Amino acid sequence: GQNIDQPTEMTATEGAIVQINCTYQTSGFNGLFWYQQHAGEAPTFLSYNVLDGLEEKGRFSSFLSRSKGYSYLLLKELQMKDSASYLCAVRSTGGFKTIFGAGTRLFVKA
Amino acid sequence: EAGVAQSPRYKIIEKRQSVAFWCNPISGHATLYWYQQILGQGPKLLIQFQNNGVVDDSQLPKDRFSAERLKGVDSTLKIQPAKLEDSAVYLCASSSFDEQFFGPGTRLTVL
């Protein structure tokens, strides 16, 4: 089966850096995704990692270690609009089923 | 490019009634997903289609939920009869390769 763990809530200050961790267990790994979801809205894609290492995209970076079943999303130069839930999702081989974690609610304060 | 369309956006029904949701994916996307998202939780996959074939429906409560994707394009998700615990947002998503594109969702309230 699959299992995804991420912190429930985090608080950070505007302009700072925050790291959101995700650990997972899956039988047959085929990629890890991060999505952003503002309250009352649909999730939107942030990043995709299938190989170990860091993927950088503007203020957002995502890291993956397949051997440790671990990923993090790094948000730099935090802005108030970054207050949202961040969903870690893992895709498995065999049908490419994607399972989402419960999400981490990030609060950015002034 | 047009996004994923869903209707209705909101639906309020009483328990034991039936309800249907419609989804039109992005043109050319072979994979279509239906998710249930309960407040405060992540999206839970109900069913995944590849063209008009079912790839995974292991978490679909088949005694009350059904879904179809005719001609490999539009899809409908039906609940019959609805229970109180079905109150949630039902998200439809489509993908061609890796990234999933989500529709705005249908917020269902069962009274």
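Side chains are part of it too, since the values below use all heavy atoms of this structure and drop only hydrogens, waters and symmetry mates. Letters A, B, ... mirror the listed sequences (proteins, then strands); counts begin at 1. Note that the coordinates shown come from a computational prediction; the quantities given were computed from them, not determined experimentally.
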Scanning both residues in full, the closest heavy-atom pair of B/Q48 with A/K97 reads OE1-CA, 3.6 Å
Those residues of residues 72-86 of chain B that come under 4.5 Å of chain A on a heavy-atom basis, listed by number, are none
Distance col, row A/E41:CD vs B/L91:CG, nearest 0.5 angstrom, shows 12.0 Å
**Message:** Tell me whether A/L87 shares a hydrophobic cluster with A/V18, the cluster being built from Ile, Leu, Val, Met, Phe, Trp, Tyr side chains joined at under 4.5 Å.
**Reply:** no
Between B/D98 and A/Y48 the two heavy atoms that sit nearest each other are OD2-CE2, 3.4 Å
**Request:** Decide whether A/L74 and A/L32 are clustered together by the hydrophobic rule: side chain heavy atoms of Ile, Leu, Val, Met, Phe, Trp, Tyr closer than 4.5 Å, transitively.
**Result:** no
Has the side chain of A/Y35 got a donor or acceptor atom that lies under 3.5 Å from a matching backbone atom of B/Q100?
yes
Here the gap from A/T44 atom OG1 to B/F101 atom CZ, rounded to the nearest 0.5 Å, amounts to 10.5 Å
Between the CD atom in B/E99 and the OG atom in A/S47, the distance rounded to the nearest 0.5 Å is 10.5 Å
Rounding to 0.5 Å, atoms CD1 (A/I99) and NZ (B/K44) come to a distance of 10.0 Å
Of A/A89, A/A42, A/G31, the largest count of non-hydrogen pairs under 4.5 angstrom with chain B goes to A/A42
Output for pair (B/S95 OG, A/F45 CZ), nearest 0.5 Å, gives 11.0 Å
Okay, A/R91 and chain B: the region with an atom under 4.5 Å from a heavy atom over there is side chain
The interface call for B/S58 against chain A, heavy-atom contacts under 4.5 Å, is side chain
Could you check A/F100 against B/L45 for side-chain contact (heavy atoms from CB on, under 4.5 Å), going step by step and ending with a plain yes or no?
CA-CA 8 Å; A/F100 282 79; B/L45 180 67; over 6 Å; no
